[in-house]
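FYI, side chains are in, hydrogens and waters are out, and symmetry mates aren't considered; it's all heavy atoms of this structure. The first residue in the sequence is number 1, and the count goes up from there. As the structure is a computational prediction, the values presented were derived from the model and not from experiment.
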Amino acid sequence: MASTSDFFPGMCLKRDGNIETIVEFQHVNPGNWRAFVRAKLKQIKSGKVVEIRFRAGEQIDQVRVEQRESQYLYSDGTGYVFMDKETYDQVSVSEEILGEGAHFLKEGEGVKILMSNGEVLSIEMPASVHLRVIE
């Protein structure tokens with residue numbers, strides 16, 4: 001558990017079953033009223049940005065998120081298989097997580113996988129995939 005006084009940009013927290021990252025935050029102390037923290041949070045899975053108010057000192061669930069350099073290997077029909085470049089562990093990722101860019105991945109292409117407790121949250125595609133989707 002962490003407090004609102006521990007906030008920093010990029011911190012990940014779990015709220016309403018969603019894992020979100022703090023984009024920006026501001027401590028507000030409006031005169032005679034109670035202090036609060038206004039924060040912009042980005043949902044990792046959907047990319048949706050929301051603005052939320054927290055009471056000053058409120059306890060929140062902090063989540064540890066790891067970013068791993070991986071390489072796309074192949075599609076096995078049920079998902080897309082990636083290999084961690086450091087440990088050589090393989091993980092299968094569904095097309096729902098990858099989105100439209102999944103069809104444009106090339107074998108051997110590098111990606112960054114965001115994981116929490118062994119669960120794949122999202123994948124950062126290389127810029128070349130985004131360019132091919134736009135064209």
Pairwise side-chain contact, Q67 with M115, heavy-atom cut-off 4.5 Å (strictly under): no

A quick test of your reading: do over 12 heavy atoms of other residues, nucleotides or ligands sit less than 6.0 Å from NZ of K85? yes

Rounded distance (nearest 0.5 Å) linking atom SG of C12 with atom CG of D61: 13.0 Å

Are any of the side-chain heavy atoms of Q71 and F82 separated by less than 4.5 Å? no

Quick one: are Y80 and V111 in side-chain contact, heavy atoms under 4.5 Å? no

Can you list the other members of the hydrophobic cluster that holds I22, where links are side-chain heavy atoms under 4.5 angstrom apart? F7, F8, M11, L13, F25, V37, L41, V50, I52, F54, I60

Using a 4.5 Å side-chain heavy-atom cut-off and chaining through intermediate ILVMFWY residues, the residues clustered with W33 come out as none

Side-chain contact test, heavy atoms from C-beta onward, threshold under 4.5 Å: evaluate it for V91 versus V120 and give yes or no. yes

Scan residues 67-82 for pairs that pass salt bridge (Lys or Arg N to Asp or Glu O under 4.0 Å), counting only residues two or more places apart or in two chains. E66-R68, R68-D84

With a 4.5 Å heavy-atom cut-off, do Y74 and Q90 have their side chains touching? yes

Output the rest of the hydrophobic cluster of F36: all Ile, Leu, Val, Met, Phe, Trp and Tyr residues reachable through side-chain heavy-atom contacts under 4.5 Å, sorted by chain and number. V28

All heavy atoms of S116 vs all of V63, minimum pair found to be OG-CG1, 3.3 Å

Could you list the residues that satisfy side chain to side chain donor-acceptor pair (under 3.5 Å) with R38, not counting sequence neighbours? Q26

From OG (S122) to CD1 (I113), nearest 0.5 Å: 9.5 Å

Tightest non-hydrogen contact, residues P30 and A35, listed as CD-CA, 4.3 Å

Atom pair OG/CD of S75 and E107 - distance to nearest 0.5 Å: 9.5 Å

Can you measure from CD (Q43) to CG (N18) and round to the nearest 0.5 angstrom? 4.5 Å

Please identify each residue that fulfils side chain to side chain donor-acceptor pair (under 3.5 Å) with E95, with sequence neighbours left out. H103

Side chain to side chain donor-acceptor pair (under 3.5 Å) against N117, all qualifying residues, sequence neighbours excluded: none

G57 versus T4, closest heavy-atom pair with distance: N-OG1, 2.8 Å

Could I get the full list of side chain to side chain contact (heavy atoms under 4.5 Å, CB included) partners for E96, not counting sequence neighbours? S94

From the list K14, K40, R15, salt bridge (Lys or Arg N to Asp or Glu O under 4.0 Å) partner of E20 resolves to R15

Of all residues at least two apart in sequence or in a different chain, which pass the side chain to side chain contact (heavy atoms under 4.5 Å, CB included) check with Q59? M1, S3

Quick check: closest heavy atoms across A2 and Q62, and the distance to 0.1 Å? CB-OE1, 3.7 Å

Could you pull out the closest heavy-atom pair between K106 and Y72, with the gap in Å? O-CD2, 3.2 Å

Tell me every residue that passes side chain to side chain contact (heavy atoms under 4.5 Å, CB included) with E119, counting only those two or more places apart in sequence or in another chain. K45, L121

Where S92 and G79 come nearest, the two heavy atoms and their spacing: OG-CA, 3.9 Å

Does R55 have any salt bridge (charged side-chain N to carboxylate O under 4.0 Å, His left out) partners at least two apart in sequence or in another chain, and if so, which? none

